[in-house]
Amino acid sequence: MKRSLRSSPGKWRSRLVVPAATLAAALVTLVPPQLASAGAAASAGATAAPVAAYHGLSPAQRADLQSIARDTWKFYGADIDPATNLPMDNLTFAGGSAAPTAYGRYTSAANIGVYLWAVVSARDLGLISTAQAQTRLRATLDEVGRLERYDGFLYQWYDTTNGNVLTNPGDADCAANAAPAFTNCSFVSNVDNGWYASGLIVVREAMPQLARLADSLIAPMNFGIFYDNRAETHCNVNPAIPGSQPTGQMYGGYYVGLPPGQGSNWTNYYHNGAFYSDPRISAYLGMGLRQMPGNVWWRSWRELPPPAPFADCQAADPDFSWQGQWPMGGSWQTYTDPQSGQKFSVWEGHYSYPGSNLTFIPTYSGGMFEALMPNVVVPETSWGPRSFGLADVRTAEVQIKYATQQLHYPVWGMSPSSTADDTGNYGGFGVEGLAFPYFGTGATASDPNEGLSQCHGCATEDVVTPHASFLALDVVPQQAYANIQNLRRLYPGLYGADGFFDAVNPATGAVGHRYLVLDESMIMASLDNALNNRAIQRDFARDPVSWAARSYLSLEKMSL
């Protein structure tokens, strides 16, 4: 996933991963997924909670969305590099030209994973036949099997012209047999590989003929390498560990040959502490494969918490009074992990939209896909109606309210995307609530921070991206459909021969004439869910790994 790394202010500087820009684990022995199903399902009651039926769109609306899917699918005809059958990161059509003016001939684990979604979706939507889908998928997966990987995981960037690992997009290929280093040549991303694995899971359920191939690519993976399995305390961090680290959480990635527990390597690692963000896909999979314990669910933070409610934690825990809302409403709740029986104190807090009774869980920088992208695959709205499924609904409501009532935009949907121009740049955009008071570190009840995201000033609020509306179809179908219509009506240059371009400035109407495989694939899979009764979610729900998501989502009751 494209990202920039933000350092949290305060005495403890843990980097919380934020998907933003192209400028932007006790380890458990791997249980092969095809062998894990019986024990996992039995322990969690895996058949108890079906995926809810999808309603909310009229026949005319469905027909219109089907036509958008048909146009969007055309993009993939030019995007797949014929040399390798890998999806290119992006195509630019500067000025709205009829043919691409620039090709992003690089790709990532996330790009590959979501492309797999898109092909399955195209089959489900009747845009290609099952045989055509199988041919496309097999070609890409065969190539992936030849790529340099680490225990099945993909490195950060690959050159789509030759399949080599890249240092960075536009830079040279990584040197063969080079010594491990803290660079992309040695880095495997937690979240990117989560999306890659999600694509393989969708393929093996949707395309049984390819299940053996998908299984062979999943089998070497052990998401436990991304789990910080060092000793935990009842505080938010373990002050006895150098850097006072939040053990029990996921690392943002892993440097091959440079494990975090060795020497001073930990200084180059960060934790995915902000759980309401897209890296939670890896927690669903890591727990589902029994490669991470349930601790990761409870030890990760919904909101950046106050010091834990124990005397020795008051000085040891980090000061998060710099975050977007402080003080915040909420309380410490005790949960018993269904696997280990261990008890965990979890801060169940919430932000409140100023001047209203709308409460919600913030994302780090206010972006839509940080919140809603996991719901494309994992049926959060069905299985977590009091937890992340509810948080997903509230995210959409905050996006709508802020953009239309506070910024007075005619459209909404802010999320990391291309910039609204033809430079080919990428930016972090989100609903941060920059219009509301912010007093910074040490905010008090008298002078509270009232922002809408955890980080203040990490994103701007001047670009709307269409993919956000499609993600919202699952949680607010009528509002999302109306917004899709408004985007097309008010900004006709935003819609090209291959569907919606990636970005528009709602104040000026400026358009970024670019298609990103990540964002187009979110659109394709969201349309498949909306038009085919949550088909992608149902693919995931049939898979043995889904037991963990189903169990943990249903256990939690957030303070909303």
Side-chain angles (χ1 to χ4, degrees), residues 2 21-24 64-65 67-108 110-112 114-115 118-119 121-122 127-128 136 157 159-161 169-170 369 411 413-427 429 462-471 483-527:
K2 303 167 182 68
T22 296
L23 28 124
D64 184 48
L65 292 175
S67 72
I68 293 174
R70 187 177 300 110
D71 290 340
T72 304
W73 177 244
K74 296 174 188 174
F75 154 78
Y76 296 89
D79 184 67
I80 307 308
D81 197 314
T84 58
N85 293 298
L86 295 175
M88 289 182 271
D89 184 85
N90 64 81
L91 302 176
T92 300
F93 292 73
S97 68
T101 57
Y103 297 82
R105 299 187 190 279
Y106 53 92
T107 199
S108 68
N111 287 344
I112 293 168
V114 299
Y115 170 62
V119 178
S121 296
L127 305 176
I128 57 175
R136 277 180 169 268
W157 298 111
D159 186 332
T160 63
T161 67
F369 85 61
V411 291
M414 285 177 267
S415 186
S417 69
S418 296
T419 51
D421 52 42
D422 288 340
T423 61
N425 292 328
Y426 191 92
F429 307 105
D462 53 352
V463 169
V464 163
T465 178
H467 77 251
S469 297
F470 290 89
L471 291 175
N483 202 51
I484 291 165
Q485 291 294 93
N486 285 337
L487 284 167
R488 193 169 181 179
R489 176 177 59 84
L490 296 172
Y491 311 103
L494 184 60
Y495 199 89
D498 298 344
F500 281 101
F501 288 114
D502 204 45
V504 64
N505 182 314
T508 66
V511 170
H513 298 96
R514 203 175 186 213
Y515 295 109
L516 275 66
V517 70
L518 178 70
D519 297 356
E520 298 305 296
S521 298
M522 282 191 269
I523 291 174
M524 285 295 298
S526 295
L527 287 170

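Put simply, the side chain of Thr465 does not reach to within 4.5 Å of the side chain of Met522, judged on heavy atoms. For the pair Asp79 and Tyr115, the minimum side-chain heavy-atom distance is 4.5 Å or more. At least one side-chain heavy atom of Ile112 sits less than 4.5 Å from a side-chain heavy atom of Pro87. The closest side-chain heavy-atom distance from Leu91 to Glu520 is not below 4.5 Å. Within the 4.5 Å cutoff, no side-chain heavy atoms of Leu490 are placed close to those of Val504. Within the 4.5 Å cutoff, side-chain heavy atoms of Ile80 are placed close to those of Arg136. At a threshold of 4.5 Å between non-hydrogen side-chain atoms, the residues Asp71 and Lys74 count as touching. His513 is not listed as a side-chain neighbour of Thr101, based on a closest heavy-atom distance of 4.5 Å or more.
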Worksheet entry | Evaluation steps, side chain to side chain contact (heavy atoms under 4.5 Å, CB included), between Asp89 and Trp157 | CA-CA 10 Å; Asp89 184 85; Trp157 298 111; 4.2 Å; yes
Item to complete: Decide yes or no on side chain to side chain contact (heavy atoms under 4.5 Å, CB included) for Ile68 and Phe500, but give the supporting numbers first.
Response: CA-CA 8 Å; Ile68 293 174; Phe500 281 101; 4.2 Å; yes
Worksheet entry | Trace of the side chain to side chain contact (heavy atoms under 4.5 Å, CB included) decision for Thr107 with Thr84 | CA-CA 11 Å; Thr107 199; Thr84 58; over 6 Å; no
Worksheet entry | Worked verdict on Trp73 versus Ile523 for side chain to side chain contact (heavy atoms under 4.5 Å, CB included) | CA-CA 10 Å; Trp73 177 244; Ile523 291 174; over 6 Å; no
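With values rounded to the nearest 0.5 angstrom, Arg514 atom CZ is found 10.0 Å from Asp421 atom CG. Taking CZ from Phe470 and CD1 from Ile484, the interatomic distance works out to 4.0 Å, rounded to the nearest 0.5 Å.
Heavy atoms only, all atoms of each residue included: Ile128 and Val119 are closest at CD1-O, 4.0 Å. Between Ser121 and Ala525, the closest heavy-atom pair is OG-CA, 3.4 Å. The two residues Asp519 and Pro416 make their nearest non-hydrogen contact at OD2-O, 4.3 Å. Considering every non-hydrogen atom in both Asp64 and Gln485, the closest pair reads OD2-OE1, 2.7 Å. The shortest heavy-atom contact between Pro466 and Ala503 is CD-N, 4.3 Å.
For Asp502 (side chain) and Ser418 (main-chain N/O), a donor-acceptor pair under 3.5 Å exists by modelled atom type. Formation of a donor-acceptor pair under 3.5 Å by the Thr72 side chain with backbone atoms of Gly499 is not found in this model.
Exactly one of Tyr103, Phe501, Tyr495, Tyr76 qualifies for a ring-ring contact (aromatic ring centres under 6.0 Å, His included) with Tyr515. That residue is Phe501. Partner of Tyr106 under the side chain to side chain contact (heavy atoms under 4.5 Å, CB included) criterion, out of Thr161, Asp159, Asn90, Asn111: Asn90 alone.
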